[in-house]
K.L.:
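Quick one: the structure is below, and I'll ask about it shortly.
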Amino acid sequence: MNINVNPKERLMFNAFLIMFILHTAQTGVGIAGLPRVIYMEANRDAWISVVLAGILVSIVLYLMIKMLETYDSTDLYGIHLDVYGKWISKGFNILYIGYYLSVTYVILMNYIEMVQAWIFPKMPTWLLMGLLIFLMVYCVLGGIRVVVGIAFLGLILAFWLVFMIYTPIKYMDFNHLQPVLTSSPKQILMGIYKSSFTLIGFELVLFVYPYIKEKKKVLRYGLIGAGYSTFLFTVVTVVSIGFFSEDALLKTIWPVLSMFKILRIPNLERFEFIAVSFWMLVILPNICLYFWTASRGMKRVFNVSQKKAIYLFAVLLWILSLCVQDRITMNTITDKVGTSSFILSFVYPCFLFMLVKLKYIFKKKKGVDV
Amino acid sequence: MLNSVFRRREVKKDIENGSPHSFDIETFHKEILSLVSNSEDLIFRIITLGEQKLAVVYFDDLINTTAMQDSIIRPLEESKGDLNYQMIQDTINIAKLTQTNQINDVVNNIVNGTAYIFKQGDTHGILADVADKGTRGLEKAETESLVFGPKISFTESITKNLNLIRSNINDPKLCVETFMIGSRAKKKVQMVYIKDIAEEENVNTFRQRITEIEVDSIVDSTVLAQMIEDNSYTFFPQLITTELPDRCTISLLHGKICLLVDRSPTAVIGPSTFMNFFESTEDIYMRWNMGTFLRLVRFVAIFFSILLTPAYVAVLTYHYEVIPSALLVSLGQSRSNVPFPPFFEALLLEFIIELLREAGARLPTKVGQTMGIVGGIVIGQASVQAGFTSNILIIIIAISALGSFTAPSYAIGTAVRIIRFPIIIMAGLYGGVGIMFCLCFILIHLLKVTTLGRPYLSPIYPFRFADFKYSLFRLPYQYLVQRPLSNHPIDQGRIPEKKAKEKKDVDE
């Protein structure tokens, strides 16, 4: 396995697409339930938690890109190989592959639960899982270009959903947000921790870095993408707190979808049916990006053909969906994955950054394969 | 035992290896007759001049009789002295002459309308091109009709088609490459491009694909297009077929490559992206605001054409809460008479529309108009009154059908009509989620299709904002300084930029 990855010319894409990749990787199924989760921790200052979490994301993103720039053109798997050597790096890489598979699983199950709660109560889980996995496999089989393309098109086609926030803003009450800064720092920190599971996705820059054409511009576009996500989440949180009363927000599991209920477009009454169906286009780039990362890891680390890895993981995910039947198990799994996501996406890359800098404290760039 | 029962007959293919024909006229006559299966329309005329015998061989139905008599037979009959093949070349009055002595050359050229003149005992003979293949005069375009712009269309003769293209583009850099494709019925295929605009790679890919075809015969240019395209399994076409010379002209000036096939009135233009199929020459001939409006109307029409019927099926079967209460009453009234679920109703009506369209295409013109009225109006009204379908569905189906016909290219209109069916089925099964699934599938599929190696969704996916003013909307000519980048043209500038954007002060 080589440290550096030099893909073919036709597989590489322009740097500005990083904006779309990072934003769609961060915005998935979590945004619908985000306001309630943080409100439970930080009360009225939940939006401050989100802003601070966004700043934290930008800092970690900056460290990651600086870490990547010490190498020619590598991804996280290559950095592990360089820092830890052959065998330990395999362990870390397997950890990341498993982590991304579980994130894909959690996103899929959460979306299916959303569909089952809002549109089709009796739809079997395995059926919708099968459909979504079919789409995901078809997309990832096309390679990185198709995955990035679906991220780009997914954002452009789903962008109009953002403007639907106009109606709740009309009914919003700013007094709900006041007085500001009444929560204790501990509550705000817990809010940041809880919002971490929603804000992950930005670490995918560690895996798509070799495929970008202009590597100098990655930082700029990455920060714009992550910044826009933070902005979107903050606006959603603020509007949710303003719109719902205190007790109502604690009881509404998906505040964003509940706010869609009040929309009235000519000729369409209950907009949430359309919104939840359309949400499929919002999560599709999400799951495709994570799944691509996991199957790419199998190819890089173990030299298994990526197609075989894709089929194997698809069948595995589908069988796993048959095992989990009730809400409580799903909740537990989501929480555990959320905890590990905080460690693996926020804490560990900073640690790795320090290791890399220590290793190359006097060297400039490493371009040699091990 | 099975082997002997189902053994294929081994057919020897002759004329494989070249060999000179016999120099004695009688033997030559027998050879030629055997090679053309003793066809009785082969004329073998012997002219005796003193002691020399000249043989003139041709197919009677393929040649221009006047040219034959005046320019070949008369000069030969009136010539004096000893003739050899060089003197024959100087005597007859035909413009295109070649010398040969290979028997397969002779036969291959005779079936294309040339005459072979051979003096007994000479080393070579002369092939004279007097072909007059059946063709029609220049006519108005039938399948693609326009309001503005030139209206002539291609015909079956490849020389006349190339004439039209060269008359439109009299750039000396217009390059024509000829291939003969097909092993049994050789067809002339010509690849046309402008050498310093079209990209080298595209030209090489085209050339390689055409020369690598191993096939018996190619019937039409559309068959050739199907053989060289990237992906045969998809519904979406990857090469535009057109019968308008000005469409070819505009594409050639943008850096695309044109293929002409003999005896076929359609030209093939490649590489064509998805957005190229929605561009019509009328957008270019009209002013930019009208052109933009027409393009946008087209996109909206196609979008509704795909989604309206499935949305009706999904909403009425699963999501009836979405309908506003005012519409709900009338919808309920019209649907109360219908015995079928919306899914079957929609499929039935879609099928009837497809029947009407298909039957209308095949009916002779005299009956066609009547059937159109009968089908459209009578069946629609009668089925509503019989309680077969609901009013609203008729309107929706009519709008979808009209929308799919706004696509300038018939191929993509058909593709749009066909993909509507799986979406209706998925909508009937899974409602809104089913429609979304199909849309995502089509999106991923379009991202994967490549046309001649180039991405299909250019300029949207490999995002080239500069090309939007050619594909999605039109801008005034000051802004069209460069050619579309998606074709990677070598010569990019069209209008000198300074001149296009001179700004003057007030009252200057």
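Order of the sequence lines fixes the chain letters, A, B, ..., with proteins taken first and strands second; residue numbering starts at 1 for each chain. For the numbers below, each heavy atom of this structure counts, side chains included, while hydrogens, waters and symmetry mates do not. Since this is a predicted model, take the numbers as computed values, not measurements.
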K.L.:
Report, as yes or no, whether the 6.0 Å neighbourhood of atom CZ on B/F304 holds more than 12 heavy atoms from other residues, nucleotides or ligands.
P.N.:
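Result for CZ/B/F304: open.
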
K.L.:
What are the two closest heavy atoms between A/R270 and B/E321, and how far apart are they?
P.N.:
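A/R270 and B/E321 have their closest heavy atoms at CG-O, 3.5 Å.
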
K.L.:
Over all heavy atoms of both residues, which pair between A/R145 and B/P462 is shortest? Give the atoms and the distance, please.
P.N.:
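Residues A/R145 and B/P462, closest heavy atoms: NH2-CG, 4.0 Å.
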
K.L.:
Side chain of B/Y318, backbone of A/F120: donor and acceptor closer than 3.5 Å?
P.N.:
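No, B/Y318 side chain to A/F120 backbone: no donor-acceptor pair under 3.5 Å.
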
K.L.:
Decide if atom NZ of A/K307 counts as having more than 12 heavy atoms of other residues, nucleotides or ligands within a radius under 6.0 Å.
P.N.:
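Incorrect, the count does not exceed 12.
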
K.L.:
Between B/I444, B/V315, B/L447, B/L327, which has the largest tally of heavy atom pairs under 4.5 Å with chain A?
P.N.:
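Highest number of pairs under 4.5 Å: B/I444.
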
K.L.:
Under a 4.5 Å heavy-atom cutoff, which of A/I119, A/L127, A/L284 has the most pairs with chain B?
P.N.:
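Maximum pair count with chain B is reached by A/L127.
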
K.L.:
Would you give the length of the straight line joining atom NE2 of B/H319 to atom CD of A/E272, rounded to the nearest 0.5 angstrom?
P.N.:
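Nearest 0.5 Å value for the NE2-CD distance: 10.5 Å.
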
K.L.:
Nearest 0.5 Å, what's the CZ-CG distance between B/F463 and A/L153?
P.N.:
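Taking CZ in B/F463 and CG in A/L153, the distance rounds to 10.5 Å.
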
K.L.:
Quick one: does B/V433's side chain get under 4.5 Å of A/M280's, heavy atoms only?
P.N.:
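Sidechains of A/M280 and B/V433: in contact.
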
K.L.:
Side chain from CB out, backbone as N, CA, C, O: work out which of these in B/L439 comes under 4.5 Å of a heavy atom of chain A, or both, or neither.
P.N.:
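Contact with chain A is absent: no heavy atom of B/L439 under 4.5 Å.
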
K.L.:
Give the minimum heavy-atom separation between A/S277 and B/M436, together with the two atoms involved.
P.N.:
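Taking every non-hydrogen atom into account, O-CG, 2.9 Å.
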
K.L.:
What are the two closest non-hydrogen atoms of B/K448 and A/G142, and how far apart are they?
P.N.:
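Here B/K448 and A/G142 meet closest at CE-CA, 3.4 Å.
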
K.L.:
Parallel under 30°, tilted from 30 to 60°, perpendicular over 60°: which one fits the rings of A/Y138 and B/H445?
P.N.:
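Answer is parallel, since the angle falls under 30°.
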
K.L.:
Against chain B, work out which of A/I274, A/V146, A/L135 has the most heavy-atom pairs shorter than 4.5 Å and name it.
P.N.:
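If we count pairs closer than 4.5 Å to chain B, A/L135 comes out on top.
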
K.L.:
Is A/F278 in contact with chain B via its backbone, its side chain, both, or neither, using a 4.5 Å heavy-atom distance?
P.N.:
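Backbone plus side chain of A/F278, per the 4.5 Å heavy-atom cut-off to chain B.
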
K.L.:
For the residue pair B/F437 and A/F134, does the interplanar ring angle fall in the parallel (under 30°), tilted (30 to 60°) or perpendicular (over 60°) class?
P.N.:
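Ring orientation of B/F437 relative to A/F134: tilted.
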
K.L.:
Could you go step by step and tell me if A/I156 and B/I460 meet the side-chain contact (heavy atoms from CB on, under 4.5 Å) rule?
P.N.:
CA-CA 10 Å; A/I156 293 200; B/I460 296 187; 5.9 Å; no

K.L.:
So which of A/L131, A/L281, A/V148, A/L268 has the largest heavy-atom pair count under 4.5 angstrom toward chain B?
P.N.:
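Among A/L131, A/L281, A/V148, A/L268, the one with the most close pairs to chain B is A/L131.
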
